[in-house]
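Okay, so here's the structure we're looking at.
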Number of protein chains: 2
Amino acid sequence: MRVSKKAATIYDIAQLAGVNPSTVSRALTTPGRINAKTEAKIRAAATELNYRVNPFARALPTGRTKMLAVMVADITNPVFFDVVRGAESAAAEEGYTLVIAESQESSINEADALERITPAVDGVILATTRLDDQTIQGLNRQKPVVLVNREVENVSDVVPDNLPGIKEAVEHLAANGHKHLAFLSGPSASWINIARWEALLKFAVAYGMTIVEIGPNEPNLEAGSKAIERIQASGATAVFTYNDLMGIGLLRAAAERGIKVPKELSIIGFDNIFGSDFTTPPLSTIALPLVQVGRNAVEAVLRQLDSNEDVVPHGSDLQTAFILRGSTGQVKA
Amino acid sequence: MRVSKKAATIYDIAQLAGVNPSTVSRALTTPGRINAKTEAKIRAAATELNYRVNPFARALPTGRTKMLAVMVADITNPVFFDVVRGAESAAAEEGYTLVIAESQESSINEADALERITPAVDGVILATTRLDDQTIQGLNRQKPVVLVNREVENVSDVVPDNLPGIKEAVEHLAANGHKHLAFLSGPSASWINIARWEALLKFAVAYGMTIVEIGPNEPNLEAGSKAIERIQASGATAVFTYNDLMGIGLLRAAAERGIKVPKELSIIGFDNIFGSDFTTPPLSTIALPLVQVGRNAVEAVLRQLDSNEDVVPHGSDLQTAFILRGSTGQVKA
DNA sequence: ATTATTTTGGCAATCGGTTGACAAAACTAT
DNA sequence: ATAGTTTTGTCAACCGATTGCCAAAATAAT
């Protein structure tokens, strides 16, 4: 067994400083409560002993662990990179530590992982959860929950406004002569998938275009590639994919079959993930302010924790935006 | 404040089952210690109350938290995601939870974050740390440490063998008529950077080629792009970049200047990150078995934890491999 | 039937902090 | 100088589990 001269405790400090342990606790946690000189002495002793508060000992009476959980469906999905990054930095600023868990796109794993982690954290951020509304509401009764890209009644969320980005994108296609659109959809249980579809539907109709949904599909490269036949069969000249990963898959499949993008087919993804501009042509996409989403999610959790509000009102000032790159263009003459 | 009917404790179970709390603890943690019938009754009560052990209460007497920390330099660097993924799944299998912290490529942040997290975990995995050897050895005295892609005396590590992949790559270049190589190096403090350079040097010389080091550089896209002039000036016909990110940056800069890859310049990255095959041409690279690296790192930590070994011997059976894609080819006639 | 042995479960101390209640000390005001 | 207030630090209970020790109960052996 690692011997590791075990960490100093407040009792060690108390002895060194010649005061009671509870005085040490007060000096360290409630500045001002204790006489300045005594506090200085205690702080000096703490420094000398290289004291670090034992987070578990503290968590026991207070119930606060200073940890937040982020649940993601797939840790290798680049969408999460930025969300996690934003969350990480916001959490660190407030002295919180992030715990990241992965559900591997399965609601069973997700429930499991959540059960393991929930007791250990002060709040939970669910990014692309597959849980049903009831489960989420139940969880929210135990610990503050914030949803990313999903809305559930009585649960806080951070959902950038879909409409601006989708509107711009549809406008762009209309301006380039497209008449027939397709949406290569993602998991049917995905709230954001439905939200995207509904917004697309609305704008396509508004601009006098037809649109069909092709799916559901797994939200990955492979599913994007495999869909090429159905896309072609649909007669659509432009296709939105549920996410960039699928868009990239589709781009590849098109290249393999000699289908020219954007000449014969325009492709627009969602998310603007890392690497979406590495492709040839670079993928046009509807970008989410992912870093800010992560930050806002942490803030929302902490707000619930600090205040006694049970629910933070829906809605955020975050917006999507269309990023025009090379995978979209004029419809074939 | 969230009311949350507070979680059931072993005392609640004890009352419901009509036994002593310590009996509950034994029944739940030491199967067999308690009469089967009593244990069944206790388990039933636990299930009925939806009991979850409070990890903090448990951690206090045992000192074990069932959590492991993974420290990464940059959470947006795709290299880490596979490592984290591997680590996550290995940890989950053993009932451990991963805590991920980011140093943002700064040794000060890293020391800070480590100080915050170390008391809360049973072991630490350092991926691309910027800490110096002494600090790492000091940390290793407190908690088991496993290094990824770095070696420090008396500290365990997981380092795939560089040589096979580099050898293959250099051979490939030699077979294609290259005579002058360059290595676009990464951070000078990076152990793996030095290891890669030394291996390249060795094989370049062995195959009768010249090689120069160009750097140090930040390990990101931008630094790769900015290096294009120096690469050209060096007269090298093939360049290895410290990582794929830099290789992709270089690829882009080359495209912008009309330099044909691989006709005029061959480029080989390291790591085989997500997206390295999205580029045009797709990037040839030296792949690390990153997922397995993550898994092995967790295993190494747990081995130290379970046994009383203080150090696990260096070396692993993991290897690098050259992945031939489109960014390398025959030297210009 | 009695003693020896093994199981089983309860008691109580412990981990390292936090915090309400309270008394001693210090300070203020009259 | 005395009573009234405020400040400061101590005491002790508590958070929820774990675990060594021990006695009671059950079982086995003679």
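The sequence lines fix the lettering, A, B, ..., with proteins before strands; numbering per chain opens at 1. Remember, it's a predicted structure, so these values are computed and weren't measured experimentally.
- Scanning residues 20-32 of chain B for heavy-atom distances under 4.0 Å to DNA chain D yields Ser22(B), Ser25(B), Arg26(B), Thr29(B).
- With hydrogens and angles disregarded, no donor-acceptor distance shorter than 3.5 Å links the side chain of Glu110(A) to the backbone of Ala73(A).
- Side-chain atoms of Arg64(A) and Leu305(A), non-hydrogen and from C-beta on, do get closer than 4.5 Å to each other.
- Counting heavy-atom neighbours within 6.0 Å of Glu115(B) CD, excluding the residue itself, gives a total above 12.
- Distance, Arg33(B) CZ to dG9(C) P: 9 Å, rounded to whole Å.
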### Query
Under the side chain to side chain contact (heavy atoms under 4.5 Å, CB included) criterion, do Glu88(B) and Ile100(B) qualify, and how do the steps go?
CA-CA 10 Å; Glu88(B) 225 282 331; Ile100(B) 300 177; 5.9 Å; no
Give every donor-acceptor pair under 3.5 Å between a side-chain atom in residues 21-33 of chain B and any protein atom, sequence neighbours left out.
{"unit_1": "Ser22(B)", "atom_1": "OG", "unit_2": "Asn20(B)", "atom_2": "OD1", "d": "2.9"}
{"unit_1": "Thr29(B)", "atom_1": "OG1", "unit_2": "Ser25(B)", "atom_2": "O", "d": "2.7"}

#### Entry: Residue pair Leu290(B), Val79(B): steps toward the side chain to side chain contact (heavy atoms under 4.5 Å, CB included) verdict
CA-CA 7 Å; Leu290(B) 294 172; Val79(B) 172; 4.1 Å; yes
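- Following rounding to the nearest Å, Ile42(B) (CD1) and dT8(C) (P) show an atom-to-atom distance of 12 Å.
- When rounded to the nearest whole Å, the span between CD1 of Ile10(A) and P of dT14(C) equals 16 Å.
- Taking the side chain as every heavy atom from C-beta outward, Tyr96(A) and Val301(A) never approach each other to under 4.5 Å.
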For nucleotides 13-15 of chain D, tabulate all protein N/O to nucleotide N/O atom pairs closer than 3.5 Å, reporting atom names and distance.
{"unit_1": "dC15(D)", "atom_1": "O2", "unit_2": "Pro61(A)", "atom_2": "N", "d": "3.3"}

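- Listed nucleotides: dG9(D), dG9(C), dG17(C). Nearest to the side chain of Ile34(A): dG9(D).
- Residue Arg64(B) contributes atom CZ, which lies 24 Å from atom P of dG16(D) at whole-angstrom precision.
- Shown here are the salt bridge (Lys or Arg N to Asp or Glu O under 4.0 Å) partners of Arg43(B), two or more places apart in sequence or in another chain: Glu39(B).
- An end-to-end axis angle of 30° holds for the helix from dA1(C)-dT30(D) to dT30(C)-dA1(D), taken from five base pairs per end and rounded to 10°.
- Looking at which nucleotide of DNA chain C each of Phe56(A) and Thr38(B) is closest to, the 5′-most match is held by Thr38(B).
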Side-chain donor-acceptor pairs under 3.5 Å in residues 292-299 of chain B, sequence neighbours left out?
{"unit_1": "Gln292(B)", "atom_1": "NE2", "unit_2": "Asn296(B)", "atom_2": "OD1", "d": "2.9"}
{"unit_1": "Arg295(B)", "atom_1": "NH1", "unit_2": "Ser89(B)", "atom_2": "OG", "d": "2.8"}
{"unit_1": "Arg295(B)", "atom_1": "NH2", "unit_2": "Glu93(B)", "atom_2": "OE1", "d": "2.9"}
{"unit_1": "Arg295(B)", "atom_1": "NH2", "unit_2": "Glu93(B)", "atom_2": "OE2", "d": "3.2"}

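- For Asn35(B) and dT7(C), the CG to C1' distance is 9 Å, given to the nearest whole Å.
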### Task
For Arg150(A) and Ile136(A), run side chain to side chain contact (heavy atoms under 4.5 Å, CB included): C-alpha distance rounded to whole Å, both residues' side-chain angles, the deciding distance at 0.1 Å, then the answer.
CA-CA 11 Å; Arg150(A) 172 159 170 183; Ile136(A) 294 172; 3.7 Å; yes
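- Separating the CG atom of Asp12(A) from the P atom of dG16(C) is a distance of 9 Å, rounded to the nearest angstrom.
- Here the straight-line distance linking atom NZ of Lys143(B) with atom CG of Leu68(B) works out to 10.5 Å at 0.5 Å rounding.
- When the P atom of dG10(C) is taken as reference, atom CD of Gln15(B) falls 13 Å away, rounded to whole Å.
- Atom pair Glu39(B):CD and dG9(C):P shows a separation of 10 Å (rounding to whole Å applied).
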